[in-house]
A.B. asks: 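Sending over a structure as structure tokens; questions will come in a sec.
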Amino acid sequence: MATPDLKSLLEPELLARLDQLEVLTHKIFRGRQKGERRSRKKGQSVEFADYREYVPGDDTRHLDWNVFGRLERLYIKLFLEEEDLAFYVIVDSSKSMDFGTPMTKFAYARKLAAALAYVALRNQDKVGISDAKDRVVSRFRPARGKAQLTKVLSYLLTMEPSDRTNLTQSCRDFVLQNKQSGIVVIISDFLDERGYEEALKQFFLRSYDVYAIQVLSPEEKNPKNLGHLELVDSETGERQEITASDMLLKQYRQTVETYCSGLRDWCTSRGMTYLATTTDVAIDTMLLSYLRQRGLLR
Amino acid sequence: MSSLSFLQNPLFWSLGALLPLLVVFYLLKLKRKRVTMPSTLLWRRSVQDLIANAPFQKLRNNILLWLQLLLLALLILAFMRPVMKLENLGGTTVVLLIDNSASMASTEANGMTRLELAQKAAREALDTLGNRDEAIVISFSDRTNVVQTLTSDRGALRAAINSIQVRDVETTLQEAGLILQGLTTYTNEENTILPRENTKTIILSDGVIDALDSLTDVPNVEYVRIGESTDNIGISGIDVREAFTDTFEYQIFASVTNATDEEQTAYVELQVNGELLDVRSATVAPRQTSGVVFSTGEVLEGMATLTLDSDDALKTDNLARALIAPPTDINVLLVSADNYFLEQVLQIDPRITISKIRPADYLPSDEYDIVVFDNCTTGDLPPGNFLFVNALPPIEGFALNDPADATNPQVIDWNRVHPLNRFCNFDGLQIGKSLSYTAPRSSVSILEALQTDLITLQETDTQRIVVVGFDIFQSYWPLDVSFPIFMSNLVDYFSRNRMGLYQPSYATGSAIAIYPDKEAVKATVTSPSGRTHEFSFDGISTAYMTETHEAGVYTVEFDTGTRYLLPVNLQSPSESLIAPADELAVGGREIIGTDQVVKTNQEIWHWLALAALLFLLIEWFIYTRRTFM
């Protein structure tokens, strides 16, 4: 069970609902250890997956004689192999994540990471967490089993938003640190001066199943007319004078929309899954509805 | 100081006020609220996109763009140095002659005085000058004053124009004409006076003015006629005389001038020492002068004030004051074989007691106020007042010429401002024979003939001597009206002591002689407006008060404590006739008056630059407010 601190990350009501879920991947990964979940890799299990033609050297025990009887050709029966899955969560903990209502973007990302980790651990998947700022400043090494839950949650609680964002460097660090392919969920606002393209390209090195979850605050997505302002960038300290007129607000909303759709299109075209959310969307709605629809959870 | 004269320019201060305005705008800019945002990445992109996309889509709504376009257009226009194409007067040196005589105090229908209208017209004339043009400001009345020397500094010129004030005096352009001639003409190597090029003279006046016939070569003269009103009736003269009767009584003579085009009847009040004594009506024909005579009755001393009851354009001439001096007994010794005319004319004056002796019986004495030597002289002359008729006094400097006689001397001039000649006109006086003599250099010529002086005044600290250089029996003088008047003036002049020293009234602008009282060494004269003038009698017998351009009562106070009053009045029929002249004679030409200064080419770039500055401020203000993004 979670400690009082840990409860702030995972409420008991949410836990009960998460128990129904498991992490799903669209790719076939080579597990190092038999797991409790089915992978798309065909192997030795009781669940039939497909046929293929017999080639010399195949185990003759798997020949399907019924098919041979009908077609007079040798086919091997393939079965789904059950194996363990590496499930990584990269949490952006830069200074820009420390904003938003009703909770900060960082708090939201941390809760989401905790819930996903819970689902994965419960299904005997290996869970690794990376703390990304201008690089990966620390990580929770991939570990399996429900017993790791407390450690994972404790690790998440040690994270604090600070410093500048460098998604490219963080993703490069992540890839170097985690050799085993698997599912990577990157939770960030993706507001990086250098862009997100170079960062996400890092995952091509290994065949990761990437989920990009963009978390913005409602104020960022739909700001109100606040008058004459001097905006100060929380990370760079850069200043921008604006008068939040209707015209400018309209332009800003359009810019946000363009930026988010750009990210979405970029991910989709490269086989990655993109999901946008705001901090006013409830975590359980996010998990039980949005992530299910995107196929990360089942 | 002239280098800082722009400080007097109101435009300098108006534009200077923009500086604190800029600071205010700067403070306004500082009021922008500072907010920390997760990232300004998207905001920056939005602003850039907005700017990049704005020009063609939002052109109509972007006030900043319009303001900037306007600003740029104004600056371009200013750089082109455009000129308002008005009638060209071609002047680079402009002489502004502003009349500040008494008639310029007349109030016009719009409530402004003529001087104010003239000042306004002069300021407008300044506005028409080009940047390199220069101007000089001269005011003229009885005197000419160069208020501002030649300069192109508009601030100094403007301040000079504004500083001109009305003087309650008559007008003359003679002195101004000399300055004008120096400015607008030059003499070439052949001693020919030629007009200077690029000069312009603007006379701003109501035309109540002498003609300037001598200025034949002054080029390019413009006469701006100031004022229209003819609504004035005023007291143009005042005098006090003892009544020529046996009784002690004074008569006050007043001249009333009507400037309007209709016959006017006005009421004139006489007050003496603040008490109303008499009211008389005066009916005066259009543009004429009539007389009114008051009797003072039993009142024999004090300040008489005549008030004309009229709410007209010129107030200065609605009031006149005169001093009624107390009568004094005058003892006159007539040293003569026999002179009927002299005896009779002296007996007219009730103050005079005459004693007669033959020349051989004369002994110097200080019993008499005046001693008259008729056709005789004496060897020794004590202190006192003396009249020598057809004889010369035993004073160094008086000597007969060779020949000693002048036959039929023709009168050519007389000293018109001297008290001895007050109200005298010697035109047509015929004299059969006169002494031909030389007078001391310190003497004053009272009446001049071609060959010799006919009447001379010699004054020293102890003596006053008048010489009439001809035998009155060999002239028509006793039959001329000037004879009794002159003799009356002579008795007045010689009998000056204490209060009797001064005339009943003086005209504004005249020089008033101040005689020391007993042991007095200092006198202070205070003008009606309170200005004081100090005089010292150390080494001189008479001081002259020349600053008499204000109408009213002047006070003379000696250090001995003696104090008396000097009434000064406008007393000018020509100034009371305020109808502005349509034409002005200058150099034999009649210059038609215009209602306003003819304008010249006017550069307007500075106005455009000013407008550009204004739009820049507005644009900046809007930009900092970002009301429209």
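Each chain gets a letter, A, B and so on, in the order its sequence line appears, and its residues count up from 1.
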A.B. asks: Rounded to the nearest 0.5 Å, how far does CG of B:L50 lie from NZ of A:K250?
C.D. replies: 10.5 Å
A.B. asks: Step by step, work out the side chain to side chain contact (heavy atoms under 4.5 Å, CB included) result for B:M37 and A:D233.
C.D. replies: CA-CA 5 Å; B:M37 295 295 283; A:D233 192 301; over 6 Å; no
A.B. asks: Given the options A:E219, A:K105, A:E238, which has more heavy-atom pairs under 4.5 Å with chain B than any of the others?
C.D. replies: A:E238
A.B. asks: Begin from the C-alpha positions of A:E230 and B:V35 and carry the test side chain to side chain contact (heavy atoms under 4.5 Å, CB included) through to its verdict.
C.D. replies: CA-CA 6 Å; A:E230 185 184 47; B:V35 176; over 6 Å; no
A.B. asks: Given heavy-atom pairs under 4.5 angstrom as the criterion, report whether the side chain, backbone, both or neither of A:D192 touches chain B.
C.D. replies: backbone
A.B. asks: Which atoms of A:E220 are under 4.5 Å from chain B, going by heavy atoms: the side chain, the backbone, both sets, or neither?
C.D. replies: side chain
A.B. asks: Who among A:Q254, A:K95, A:R239 has the most heavy-atom pairs with chain B under 4.5 Å?
C.D. replies: A:R239
A.B. asks: Is the shortest side-chain N to carboxylate O distance from B:R44 to A:E193 below 4.0 Å?
C.D. replies: yes
A.B. asks: Please examine the side chains of A:F99 and B:T36, heavy atoms only from C-beta on, and report whether any two atoms are closer than 4.5 Å.
C.D. replies: yes
A.B. asks: Roughly how far apart are B:T40 OG1 and A:L191 CG, rounded to 0.5 Å?
C.D. replies: 10.0 Å
A.B. asks: Using a cut-off of 6.0 Å, state whether more than 12 heavy atoms not belonging to B:E228 lie near its atom CD.
C.D. replies: no
A.B. asks: Name the one of A:T255, A:L248, A:L229 that satisfies side chain to side chain contact (heavy atoms under 4.5 Å, CB included) with B:W43?
C.D. replies: A:L248
A.B. asks: Donor-acceptor check, side chain of A:S96 to backbone of B:P38, threshold 3.5 angstrom: yes or no?
C.D. replies: no
A.B. asks: How many angstroms lie between atom CG of B:L41 and atom CD of A:Q240, to the nearest 0.5 angstrom?
C.D. replies: 11.0 Å
A.B. asks: Considering residues at least two apart in sequence or located in another chain, which fulfil the side chain to side chain contact (heavy atoms under 4.5 Å, CB included) criterion with A:F203?
C.D. replies: A:I90, A:C171, A:F174, A:V175, A:V184, A:L200, A:Y208, A:V210, A:M272
A.B. asks: What's the spacing between A:M97 CE and B:S39 OG if we round to 0.5 Å?
C.D. replies: 12.5 Å
A.B. asks: Output the residues of residues 274-287 of chain A for which the shortest heavy-atom distance to chain B is under 4.5 Å, in residue-number order; output 'none' if no such residue exists.
C.D. replies: none
A.B. asks: Measure A:Y259 against the heavy atoms of chain B and call it side chain, backbone, both or neither at under 4.5 Å.
C.D. replies: side chain
